[in-house]
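Small disclaimer: the values here were computed from a predicted structure and weren't measured. Position 1 is the first residue of the sequence; numbering continues from there.
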Amino acid sequence: MSARAKAHGIRWVATSIGVLSLLACLAIGRKAPEQALLSYLFAFLFFTGLSIGSLAVLLVHGLTGGSWGTWLRPPLLAAARALPLQAVLVVPILMGMRWLYPWARVGALEHDALLRAQSWYLNPTFFVCRSVLYFSLWLLLLAAVAGRRHQERDGLPRIAAIGLIVYALSTLLASTDWAMSLMPHWHSSTFGLLVASGWMLAASALAVTCALLQGATEGAPVQQRIDLGNLLLALTLVWGYLAFMQYLTIWVADLPDETAWYLPRTLTSWRTLAWLLSAARFLLPFAVLLSRAAKRRRTWLTATASLLVLGSLIDAFWLVVPGARPAGFELRWTDLLAPIGVGGLWCALFLEPLRRMRWARPELAYG
């Protein structure tokens with residue numbers, strides 16, 4: 001079997017599994033729409049984060065340059081090009097917002113003065129318009145970045161600088177809309193930055209995993225793998241710092257409206273997931289990536305990057321689900337079906353451009 005036929009078969013299988021899983025999730029959701037949509041939302045956030053985060057890392061490389069981006073550009077660009085799929089997959093969230101978001105339910109404003117005060121922003125029409133605007137901006141950035149070759153570098157730093165500002169502002173608002181407004185009485189000035197850095201960390205970890213598994217750095221200087229490890233270490237530190245500072249600030253203030261988000265996550269069996277998330281997305285990767293010897297070894301670096309991708313999936317689940325299941329840790333079938341469904345469709349789009357792209361030479365910043 002040719003490589004092209006094999007790749008086509010893999011994409012067909014991924015698409016079939018994705019469609020069947022989403023249909024099964026829909027069937028279950030007819031009896032429990034809120035829980036099914038929660039599962040779908042965390043899966044949507046994770047894979048959207050991989051695409052948007054990849055676009056952000058491409059923008060960072062366009063601004064700074066460096067050979068590290070040479071190895072990561074193919075998987076980053078392949079992930080970013082799955083953005084149109086995510087723009088379509090946001091539709092079920094928009095259609096089912098009255099099951100997901102307390103502020104969108106009929107009669108929610110009648111007995112809640114705070115929701116009435118927020119209704120200028122948290123209302124269904126404006127929510128839909130903002131979601132459309134986010135994807136429009138992201139797709140415009142993708143078109144600006146994806147069409148540029150290494151021969152066309154003039155002006156790219158300017159585009160990257162503007163694009164990173166757009167990324168920061170749009171991610172702040174999108175994370176507030178899609179995740180934080182699940183508890184409209186809770187607010188955090190760190191939440192948007194935490195999500196933005198988490199998306200970049202997840203995207204970089206996936207790109208590093210793909211580059212190492214493809215053998216892209218074979219024959220290259222060892223410093224190339226060290227640079228990739230340093231990139232993951234820097235993003236891990238940023239995410240860990242923001243996560244800790246958000247928790248510490250809320251813990252010190254000890255205000256009911258602020259602690260409400262953490263209470264079900266730390267005072268019930270959900271705390272086990274909190275420790276698992278801390279280990280998978282910070283403690284273990286941090287310990288490994290501090291070692292220069294570990295970053296030199298392809299096996300160690302691949303395993304650490306893969307662990308960070310898994311930790312990012314756990315983080316998306318942590319951000320969305322515990323608040324709706326305050327009694328304690330609980331899994332539903334849709335928690336498995338939704339990420340498989342969305343992931344199958346996303347992988348089908350991710351694998352095709354990744355297969356066709358060439359891995360650029362280290363002396364080229366774009367390829």
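Met245 and Leu237 fall within the same hydrophobic cluster, where Ile, Leu, Val, Met, Phe, Trp and Tyr residues are linked whenever their side-chain heavy atoms come under 4.5 Å apart, directly or through other members. Hydrophobic clustering (side-chain heavy atoms under 4.5 Å, transitive across Ile, Leu, Val, Met, Phe, Trp, Tyr) keeps Leu59 apart from Leu140. Leu276 is not connected to Val288 by any chain of hydrophobic side-chain contacts under 4.5 Å among Ile, Leu, Val, Met, Phe, Trp and Tyr, and they are in different clusters. Criterion: ILVMFWY side-chain heavy atoms under 4.5 Å apart, direct or through other members. Under it, Val252 and Ile250 are part of a common hydrophobic cluster. No single ILVMFWY cluster, assembled from side-chain heavy atoms under 4.5 Å apart, contains both Val13 and Leu20.
Residues Ile165 and Leu169 meet the side-chain proximity criterion, which asks for heavy atoms closer than 4.5 Å. Between Trp199 and Leu50 there is no side-chain heavy-atom pair separated by less than 4.5 Å. In this structure, the side chains of Ile93 and Tyr101 come closer than 4.5 Å at one or more pairs of heavy atoms. Contact check for Val60 versus Leu164: side-chain heavy atoms found under the 4.5 Å cut-off. Here the side chains of Arg81 and Phe350 are not in contact, with every heavy-atom distance at 4.5 Å or above. Within the 4.5 Å cutoff, no side-chain heavy atoms of Thr176 are placed close to those of Val195. Gln246 places a side-chain heavy atom less than 4.5 Å from the side chain of Leu194. Using a 4.5 Å heavy-atom threshold, the side chains of Leu26 and Leu22 count as separate.
When all heavy atoms of Leu235 and Met200 are compared, the closest pair comes out as CD1-O, 3.8 Å. Taking every heavy atom of both residues into account, Ile159 and Ala144 meet most closely at CG2-CB, 4.1 Å. Leu100 approaches Pro102 most closely through the heavy-atom pair O-CD, 3.7 Å. Across every non-hydrogen atom of Ser21 and Ile340, the tightest pair is OG-CG2, 3.2 Å. Closest heavy-atom contact between Pro285 and Leu308: CG-CD2, 3.5 Å. The minimum heavy-atom distance linking Ser204 with Val57 is given by the pair OG-CG2, 3.4 Å.
Contacts of Leu173 classified as side-chain contact (heavy atoms from CB on, under 4.5 Å), with partners at least two apart in sequence or in another chain: Tyr121, Tyr134. The side-chain contact (heavy atoms from CB on, under 4.5 Å) test applied to Ser269 returns Phe329, not counting sequence neighbours. Under the ring-ring contact (aromatic ring centres under 6.0 Å, His included) criterion, Phe282 pairs with Phe286, not counting sequence neighbours.
Side-chain atoms of Trp261 and Ser188 form no donor-acceptor pair, as typed in the model, at a separation below 3.5 Å. With no hydrogens or angles considered, a side-chain donor-acceptor pair links Arg281 and Ser312 at under 3.5 Å. No donor-acceptor contact under 3.5 angstrom links the side chains of Gln86 and Ser51, judged on distance only. Between the side chains of Trp68 and Gln224, no donor-acceptor pair of N or O atoms lies under 3.5 Å.
Salt bridge Asp112/Arg105: absent, no basic N to carboxylate O contact under 4.0 Å.
Taking OG1 from Thr299 and CG from Leu212, the interatomic distance works out to 9.5 Å, rounded to the nearest 0.5 Å. Note that CG of Leu83 is 4.0 Å distant from CD1 of Ile52, once rounded to the nearest 0.5 Å. Atom OH of residue Tyr247 and atom OG1 of residue Thr259 lie 10.5 Å apart, to the nearest 0.5 angstrom. Rounding to the nearest 0.5 angstrom, the gap separating the CD atom in Glu34 from the CG atom in Leu41 is 11.5 Å. Note that CG of Leu141 is 11.0 Å distant from OG of Ser136, once rounded to the nearest 0.5 Å. Interatomic distance, OG1 of Thr236 versus CG of Asn230, reported as 11.0 Å (0.5 Å rounding).
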Run the side-chain contact (heavy atoms from CB on, under 4.5 Å) test on Leu289 and Leu301 for me, step by step, so that the C-alpha distance in whole Å, both residues' side-chain angles and the decisive distance to 0.1 Å come before the verdict.
CA-CA 8 Å; Leu289 294 172; Leu301 191 55; 3.9 Å; yes
Mind running side-chain contact (heavy atoms from CB on, under 4.5 Å) on Arg332 and Arg325 for me, showing each step along the way?
CA-CA 11 Å; Arg332 306 288 177 88; Arg325 302 172 191 172; 3.3 Å; yes
Show the numbers, then the answer: is there a side chain to side chain donor-acceptor pair (under 3.5 Å) between Ser170 and Trp138?
CA-CA 9 Å; Ser170 60; Trp138 293 335; 2.9 Å; yes
CA sep, side-chain torsions, deciding dist, call: Leu137, Tyr167, side-chain contact (heavy atoms from CB on, under 4.5 Å)
CA-CA 9 Å; Leu137 291 173; Tyr167 170 77; over 6 Å; no
Begin from the C-alpha positions of Trp103 and Phe127 and carry the test side-chain contact (heavy atoms from CB on, under 4.5 Å) through to its verdict.
CA-CA 11 Å; Trp103 51 265; Phe127 182 84; 3.6 Å; yes
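Sorted by first and then second residue, the salt bridge (charged side-chain N to carboxylate O under 4.0 Å, His left out) pairs with a member in residues 126-145 read Arg130-Asp177; sequence neighbours excluded. Screening residues 13-50 for ring pair (Phe, Tyr, Trp, His ring centres under 6.0 Å), with sequence neighbours left out, gives Phe42-Phe317, Phe44-Trp178, Phe47-Trp346.
For Met95, the CE atom counts as loosely surrounded, since its 6.0 Å shell holds 12 or fewer non-hydrogen atoms of other residues, nucleotides or ligands. The 12-atom threshold is not exceeded at OH of Tyr241, counting heavy atoms of other residues, nucleotides or ligands nearer than 6.0 Å.
The backbone N or O of Pro184 lies less than 3.5 Å from a partner atom in the side chain of Gln118, making a donor-acceptor pair. Under a 3.5 Å cut-off, the side chain of Ser39 and the backbone N or O of Gln35 do form a donor-acceptor pair. Under the 3.5 Å distance criterion, the side-chain polar atoms of Ser291 are matched with a main-chain donor or acceptor of Ala294. When atom types are taken as modelled, the side chain of Lys295 and the backbone of Gly229 share no donor-acceptor pair closer than 3.5 angstrom. Put simply, the side chain of His185 never gets that close to the backbone of Leu114: no donor and acceptor are under 3.5 Å apart. Between the side chain of Arg292 and the main chain of Ile226, no donor-acceptor pair closer than 3.5 Å is present. Looking only at distances, no side-chain donor or acceptor of Arg11 sits under 3.5 Å from a matching main-chain atom of Leu351. Listed for the Asn123 side chain is a donor-acceptor partner under 3.5 Å among the backbone atoms of Trp120. In this structure, the side chain of Arg298 does not engage the main chain of Arg225 through any donor-acceptor pair within 3.5 Å.
Leu172 belongs to no multi-residue hydrophobic cluster, having no ILVMFWY side-chain contact under 4.5 Å with any other such residue.
Under the side-chain contact (heavy atoms from CB on, under 4.5 Å) rule, Val208 has a single partner from Leu72, Val309, Thr302, Leu213, which is Leu72.
Aromatic ring centres of Trp186 and Phe191: separated by under 6.0 Å.
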